[in-house]
Protein chains: 2
Amino acid sequence: MNIRTDSREKMIKAASRLFQMQGYHATGLNEILKKSDAPKGSLYYYFPKGKEELALAAIGLASDIIQSKIRASLSVYADPILAIQNVIRDMEKAIKKDGKLENVSLSLLSLETYLSSETLREACRKSFIELEKIYAEKLRESGIFPQSAQNLGMVIQAMIEGAITISITKKDTTTLAAVAEQIAVIIKPYKTT
Amino acid sequence: MNIRTDSREKMIKAASRLFQMQGYHATGLNEILKKSDAPKGSLYYYFPKGKEELALAAIGLASDIIQSKIRASLSVYADPILAIQNVIRDMEKAIKKDGKLENVSLSLLSLETYLSSETLREACRKSFIELEKIYAEKLRESGIFPQSAQNLGMVIQAMIEGAITISITKKDTTTLAAVAEQIAVIIKPYKTT
DNA sequence: TCTCTATTATAGTGATCGGTCTACATATTA
DNA sequence: TAATATGTAGACCGATCACTATAATAGAGA
């Protein structure tokens with residue numbers, strides 16, 4: 001089988017990074033190849049359908065990483081309010097680090113592809129839903145009714161996604177911080193404990 | 001002066017629409033020219049610095065339209081909760097209409113340009129801040145303390161922006177509706193009346 | 001009518017885009 | 001060793017990108 005060949009992995013990693021940061025259309029195949037120092041011949045060997053197929057794999061990887069980061073941040077606290085605030089704090093750190101979108105949000109890719117590629121839109125959609133579920137589950141664990149938890153999960157996911165977009169644009173994470181504060185307000189009314 | 005020449009206006013309008021819908025990098029100059037049936041030679045006459053300069057004007061127009069639409073929706077109700085919920089309802093309608101981003105959000109342009117163009121990033125930033133202020137003002141009018149109003153304005157703006165992104169991606173405005181519901185929850189604690 | 005300026009037309013620039021192709025190297029298996 | 005997958009090399013393709021150069025056109029003022 002494929003032994004010492006990590007070209008595929010390297011291409012997906014580089015593509016994931018670049019697509020998230022600067023977007024799908026702003027990222028050329030050549031740039032991906034260069035950053036991953038993989039040969040061009042290999043691209044169409046592993047991804048015969050080209051850029052879109054590579055992007056699908058890249059979105060998959062990004063989604064997995066984002067999910068696991070959020071799960072890790074959530075698990076630090078049992079209380080859902082503290083836990084979600086911790087997630088947001090970690091995102092603030094990631095954004096402050098160098099002001100780039102890396103493993104925090106698929107919003108850019110999602111908005112770039114919702115019209116032009118059903119395949120990629122669907123991948124982003126699934127990722128969004130997965131994140132909602134992660135938040136909802138944390139809320140359910142603390143005794144919030146499933147229906148309320150699901151609704152709150154959606155809202156929390158929207159707040160965070162929007163705050164990331166705005167914080168990146170402003171080069172200032174105040175909006176993320178403000179959202180973190182309000183997390184407490186929207187969850188408290190549903191807490192049974 | 002010159003005879004009624006609306007070529008400039010037509011180009012900005014078409015550019016604004018296309019950039020918002022499909023993004024900056026996905027929209028070619030030729031497409032803009034075609035859709036605006038403006039004379040091909042006129043683009044670099046009115047926008048000597050090219051695409052970026054046109055985009056700046058397009059963002060300005062989009063921002064103005066979005067602001068005035070939000071102001072109009074807000075003014076229907078005196079109560080800030082009802083007013084903001086009305087804004088969101090109107091956005092749901094706009095998105096349901098044909099599933100495209102048109103005069104509702106600059107998130108796509110913002111995320112596409114935050115790294116590559118300081119000029120366009122700045123234009124998006126200003127637009128975001130303006131929207132926060134609009135919401136904050138509505139809250140202040142109903143007696144909420146300025147500091148709280150400003151914070152809530154930021155959060156509301158983030159919630160809406162995020163919910164738009166997610167709703168567009170899912171082709172389903174449930175998230176926007178869920179956010180509208182929670183608007184009441186986050187504003188109530190600050191209401192003095 | 002003639003001139004001047006504002007606007008438009010069009011051909012063409014080099015660069016880069018995503019994608020294709022064939023030749024070749026290497027590794028595994030028979 | 002021979003045969004066969006598996007993967008790499010990179011030149012090449014037409015199309016399109018943003019952009020430029022220069023000439024033609026038209027209207028306004030004299």
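Being a predicted model, the structure only gives us computed values, none of them experimental. Chain naming here is simple, since letters A, B, ... match the order of the sequence lines and numbering starts at 1 in each.
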Looking at [N], I'd like to know if its phosphate oxygens (OP1 or OP2) sit under 4.0 Å from a side-chain N or O belonging to [X].
X: B/Y44; N: D/dT20; value: no
X: A/N30; N: C/dC17; value: yes
X: B/S42; N: C/dA9; value: no
X: B/Y45; N: C/dT8; value: no

Where each residue is assigned the nucleotide of DNA chain C containing its nearest heavy atom, which of A/G41 and A/Y24 is assigned the position nearer the 5′ end? A/Y24

Using heavy-atom distances to pick each residue's nearest nucleotide on DNA chain C, tell me which of A/E31 and A/P48 is more 5'. A/E31

Please evaluate the base of C/dG18 for a donor-acceptor partner in the side chain of A/K49 within a cut-off of under 3.5 Å? no

Any donor-acceptor N or O pair under 3.5 Å, side chains A/R89, A/Q85: no

If we count only N and O atoms by modelled type, under 3.5 Å, do the side chains of A/Q20 and A/N103 hold a donor and an acceptor together? yes

Of all residues at least two apart in sequence or in a different chain, which pass the side-chain hydrogen bond (donor to acceptor under 3.5 Å, both in side chains) check with A/S107? A/S105, A/E161

Closer than 4.0 angstrom, basic N to acidic O: yes or no for B/R125 and B/E130? no

Compare the minimum distances between each of D/dA18, C/dG19, C/dT10 and the side chain of B/K40, then state the nucleotide with the smallest one. C/dT10

Of the listed D/dC19, D/dA11, D/dT8, the closest approach to the A/Y46 side chain comes from D/dT8

